[in-house]
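Before any comments, here is the structure.
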Amino acid sequence: MYETDEKVCLCKYVSRETVEKAIAKGADDLDKIGRATGAGRGACKGERCKQKLFKMIKDK
Ligand code: FES
(Lines give C-alpha, C1' and ligand atoms only; values in the text may rest on other atoms or scores of the structure.)
Protein backbone atom coordinates (compact mmCIF):
# COMPACT_ATOMS: atom_id res chain seq x y z
CA MET A 1 0.00 0.00 0.00
CA TYR A 2 1.40 3.37 -0.99
CA GLU A 3 0.91 6.73 0.65
CA THR A 4 -1.23 8.82 -1.69
CA ASP A 5 1.11 11.79 -1.38
CA GLU A 6 4.22 9.77 -2.16
CA LYS A 7 6.24 11.65 -4.75
CA VAL A 8 6.99 9.47 -7.75
CA CYS A 9 8.93 12.16 -9.59
CA LEU A 10 11.19 13.96 -7.14
CA CYS A 11 12.42 16.60 -9.59
CA LYS A 12 8.95 17.81 -10.48
CA TYR A 13 7.38 16.86 -7.15
CA VAL A 14 4.64 14.81 -8.79
CA SER A 15 2.65 12.47 -6.55
CA ARG A 16 1.71 8.88 -7.22
CA GLU A 17 -1.95 9.91 -7.06
CA THR A 18 -1.46 12.54 -9.78
CA VAL A 19 0.23 9.99 -12.06
CA GLU A 20 -2.48 7.41 -11.34
CA LYS A 21 -5.16 9.92 -12.37
CA ALA A 22 -3.31 10.68 -15.61
CA ILE A 23 -3.01 6.96 -16.38
CA ALA A 24 -6.72 6.50 -15.66
CA LYS A 25 -7.44 9.26 -18.19
CA GLY A 26 -5.49 7.43 -20.88
CA ALA A 27 -1.84 8.42 -20.43
CA ASP A 28 -0.32 5.07 -21.34
CA ASP A 29 3.29 5.99 -22.08
CA LEU A 30 6.01 8.19 -20.60
CA ASP A 31 5.45 10.98 -23.08
CA LYS A 32 1.74 11.26 -22.28
CA ILE A 33 2.38 11.11 -18.54
CA GLY A 34 5.02 13.80 -18.96
CA ARG A 35 2.66 16.03 -20.89
CA ALA A 36 -0.17 15.51 -18.38
CA THR A 37 1.80 15.81 -15.14
CA GLY A 38 5.38 16.92 -15.82
CA ALA A 39 6.69 13.68 -14.33
CA GLY A 40 9.87 12.50 -16.04
CA ARG A 41 10.65 15.98 -17.36
CA GLY A 42 12.70 17.31 -14.48
CA ALA A 43 16.39 17.94 -14.03
CA CYS A 44 17.33 14.23 -14.08
CA LYS A 45 15.25 13.69 -17.24
CA GLY A 46 13.52 10.68 -15.74
CA GLU A 47 16.63 8.89 -14.49
CA ARG A 48 15.17 8.61 -10.99
CA CYS A 49 11.48 8.12 -11.80
CA LYS A 50 11.25 6.44 -15.20
CA GLN A 51 11.29 2.87 -13.81
CA LYS A 52 8.53 3.72 -11.32
CA LEU A 53 6.45 5.28 -14.09
CA PHE A 54 6.94 2.25 -16.36
CA LYS A 55 5.85 -0.02 -13.54
CA MET A 56 2.75 2.09 -12.87
CA ILE A 57 1.76 1.87 -16.55
CA LYS A 58 2.37 -1.88 -16.55
CA ASP A 59 0.41 -2.44 -13.32
CA LYS A 60 -2.56 -0.23 -14.18
S1 FES B 1 12.72 12.37 -10.66
FE2 FES B 1 11.38 12.58 -12.32
S3 FES B 1 12.49 13.78 -13.76
FE4 FES B 1 13.83 13.53 -12.10
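Residue numbers count from 1 along this sequence. Read the numbers this way: they start at 1 and go in the same order the structure lists the ligands and their atoms. When reading the values below, keep in mind they use all heavy atoms of this one structure, side chains included, and skip hydrogens, waters and symmetry mates.
- Minimum interatomic distance between L53 and L30 (heavy atoms only, all atoms of both residues): CB-CD2, 3.5 Å.
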Quiz prompt | Full working for side-chain contact (heavy atoms from CB on, under 4.5 Å) between D5 and K7 | solution = CA-CA 6 Å; D5 67 346; K7 300 301 178 262; 4.1 Å; yes

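- V14 and G38 get closest at one heavy-atom pair: CG2-C, 4.4 Å.
- With sequence neighbours excluded, the residues satisfying side-chain hydrogen bond (donor to acceptor under 3.5 Å, both in side chains) with D31 are R35, R41.
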Do any side-chain atoms of residues 43-52 form donor-acceptor pairs under 3.5 angstrom with protein atoms, and if so which ones, sequence neighbours left out?
unit_1	atom_1	unit_2	atom_2	d
K52	NZ	V8	O	3.1

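- For K60, the side chain to side chain contact (heavy atoms under 4.5 Å, CB included) test picks out I23, D28, with sequence neighbours left out.
- Within a radius of less than 2.8 Å around atom 4 (Fe) of ligand 1, the protein N, O or S atoms are C11 SG, C44 SG.
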